Number of protein chains: 2
Amino acid sequence: MRILIVEDEKPLREQILSLMATEKYACDTAADGREGLFLGSEYDYDLAIIDLGLPLLDGTQLIRELRSKERNFPILILTARGNWQDKVSGLEAGADDYLTKPFHPEELRARIHALLRRASGHASSVLRYGPIAIDTSAKRVFRDDAEVELTSFEYNTLTYLAMHAGKNISKSELTEHLYAQDYDRDSNVIEVFVGRLRKKLDADGSLNLISTQRGLGYRFNLDKQ
Amino acid sequence: MRILIVEDEKPLREQILSLMATEKYACDTAADGREGLFLGSEYDYDLAIIDLGLPLLDGTQLIRELRSKERNFPILILTARGNWQDKVSGLEAGADDYLTKPFHPEELRARIHALLRRASGHASSVLRYGPIAIDTSAKRVFRDDAEVELTSFEYNTLTYLAMHAGKNISKSELTEHLYAQDYDRDSNVIEVFVGRLRKKLDADGSLNLISTQRGLGYRFNLDKQ
DNA sequence: AATGATCCATGCGTATTTTGATCGTTGAAG
DNA sequence: CTTCAACGATCAAAATACGCATGGATCATT
């Protein structure tokens, strides 16, 4: 999951960033609205966290611009306490949720998790695909009720594919969502991780869990239940 | 599109209903929260419009119940003017947008459109041309509901032609769109791929899927639906 | 420092793409 | 009605690019 953080106050920005890091989300940051607009227009994020009080381009305006460009990833806005009008104008501009500063890290984590879950069209936090179950809140994976230990990249790769079950996902789409901005594109990490996932979750290949469409990408082949 | 309307005041309910009728949406109505819960649990709507002030079961509670039952169609809530707390608790319960009463019919229409559009953002965008279906987000192609496996160049050639259905597309236009700039022009790759597409998708030629306009290019002959 | 995770380089096998040779079609000119 | 030339279709072989496995290097975390 790739997240855009637009926050002008450095300490808060860093705090959010490190929180996101513990969750293993790939993050890009912007310190003002204009930079946020650039990044948000340029890349396909899974979620954006936007402070409403921003220099150069107001948060509300930023959201409006992003929405008018058909960027429709979920947006969580941060507002100063008690500033009802701001929240509402933010929501009106197209934000999906808000959080008042100061906030508990735990709460931010929960809201982001909820937004990501909803955005992917899954209501429950346990995704079932035949014998494979993914608990997205605990970040644990099971095959036939036995837990399969995955590393965080293996887990992220799997969930991204599973949340787009049936679709061909190109390697570049995977790298874009699993890694932050500056990532060396020509590498075969993705192949390696897909290989590991196949080995760990479908060693004998009987599930045909992840198939490769040469030139088009990978496809998670189990139906959601 | 099927829409659930939960509103206790009869005049307003009728007004919304007639507005929705002009939009050709199929609507069910409920006059209280309990009835709303029954309908919302029973049927799979594309959207629900819910007034927060409801008899028998509060709107917020209704939303919570629906969400807990994994009904995740978008929900638009109606609130009395200036009742900030209500909006927020409604959004918190799982609503997607809100509108304050009284409202302009035009505004309700716009918001519903926006919500439906957003909700369909995750549905796969399938282009249908008679018996041929192209799922552009999954990059998969079907003929008469059976999947046809295409290679990436075959797929790209097909989608380019299909997205310009009815028009003559010259071979040079195709090469320009399928290849990076400097491509060796005198080659018959395109002919080969068109041949493969015809064989895979219309082996007996009964569809006349892609016709050749000698000297001008190729034409995809099915109408978009 | 030790452990585990992630990343990178290599070589191999194979699906896909490209080529080139040949054959079929078309439409205009003789 | 033929002939001809230009264009497109087809096929199989050749070239290529792609993905995979593997093992070792690097990086992060403890």
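Every value quoted in this text rests on a predicted model; they were computed, and no experiment measured them.
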Notebook entry, point to check: Stepwise, does the salt bridge (charged side-chain N to carboxylate O under 4.0 Å, His left out) test hold for A:Arg219 with B:Glu147?
Noted result: CA-CA 14 Å; A:Arg219 192 167 73 201; B:Glu147 180 161 10; 3.5 Å; yes
Next item on the list: Only counting residues at least two apart or in another chain, list the ones meeting salt bridge (charged side-chain N to carboxylate O under 4.0 Å, His left out) with A:Asp97.
Entry: A:Arg111
Item checked: Residues forming a side-chain contact (heavy atoms from CB on, under 4.5 Å) with A:Asp144, sequence neighbours excluded -> A:Pro131
Check: Among all residues two or more places apart in sequence or in another chain, which pass the side-chain contact (heavy atoms from CB on, under 4.5 Å) test with B:Asn156?
Finding: B:Leu178
Enumerate all atom pairs, one protein N or O and one N or O from nucleotides 25-30 of chain C, separated by less than 3.5 Å.
from: C:dT25; atom 1: O2; to: B:Arg214; atom 2: NH2; distance (Å): 3.0

Check: Which of these, A:Lys24, A:Met163, A:Met20, A:His113, sits in a side chain to side chain contact (heavy atoms under 4.5 Å, CB included) with A:Met1?
Finding: A:Met163
Check: residues 209-216 of chain B side-chain donor-acceptor pairs under 3.5 Å, at least two apart:
from: B:Ser211; atom 1: OG; to: B:Gln213; atom 2: OE1; distance (Å): 3.4
from: B:Ser211; atom 1: OG; to: B:Asn221; atom 2: ND2; distance (Å): 2.9

Given atom [atom1] of [X] and atom [atom2] of [N], what is their separation to the nearest angstrom?
| X | N | atom1 | atom2 | value |
| --- | --- | --- | --- | --- |
| A:Asn168 | D:dG19 | CG | C1' | 15 Å |
| A:Leu178 | C:dA5 | CG | C1' | 15 Å |
| A:Gln213 | C:dT14 | CD | C1' | 15 Å |
| B:Ile210 | D:dT10 | CD1 | C1' | 15 Å |

Show me the donor-acceptor pairs within less than 3.5 Å that the side chains of residues 7-17 of chain A make with the rest of the protein, sequence neighbours left out.
from: A:Glu7; atom 1: OE2; to: A:Glu9; atom 2: N; distance (Å): 3.0
from: A:Arg13; atom 1: NH1; to: A:Glu7; atom 2: O; distance (Å): 3.1

Check: Quick one: side-chain hydrogen bond (donor to acceptor under 3.5 Å, both in side chains) partners of B:Tyr45, sequence neighbours excluded?
Finding: B:Asp28
Checklist line | Pairs involving residues 29-39 of chain A, ordered by first then second residue, that meet side chain to side chain donor-acceptor pair (under 3.5 Å) (sequence neighbours left out) | finding: none
Note to self: Is B:Ser187 close enough to C:dT19 that one of its side-chain N or O atoms is under 4.0 Å from OP1 or OP2 there?
What the structure shows: yes
Next item on the list: Could you verify whether a donor N or O on one side chain and an acceptor N or O on the other, from A:Ser137 and A:Asp135, lie under 3.5 Å apart?
Entry: yes
Check: Do the two ring centres, one from B:Phe153 and one from B:Tyr179, sit under 6.0 Å apart?
Finding: yes
Notebook entry, point to check: Which of residues 151-162 of chain B sit near DNA chain C, with a heavy atom under 4.0 Å from it?
Noted result: B:Thr151, B:Ser152, B:Phe153
Margin query: Angle between the two end axes of the helix from C:dA1-D:dT30 to C:dG30-D:dC1, five base pairs per end, rounded to 10 degrees?
Written below: 30°
Note to self: Checking the side chain of A:Arg143 only, and the main-chain atoms of A:Leu201 only, is there a donor and an acceptor separated by less than 3.5 Å?
What the structure shows: yes
Check: Which letters describe nucleotides 20-30 of chain D, given B = protein heavy atom under 4.0 Å from base, S = only from sugar-phosphate, - = neither?
Finding: BBB--------
Please output the side-chain donor-acceptor pairs of residues 58-65 of chain B that fall under 3.5 Å, not counting sequence neighbours, one pair per line with the distance.
from: B:Asp58; atom 1: OD2; to: B:Thr60; atom 2: N; distance (Å): 3.2
from: B:Asp58; atom 1: OD2; to: B:Thr60; atom 2: OG1; distance (Å): 3.2

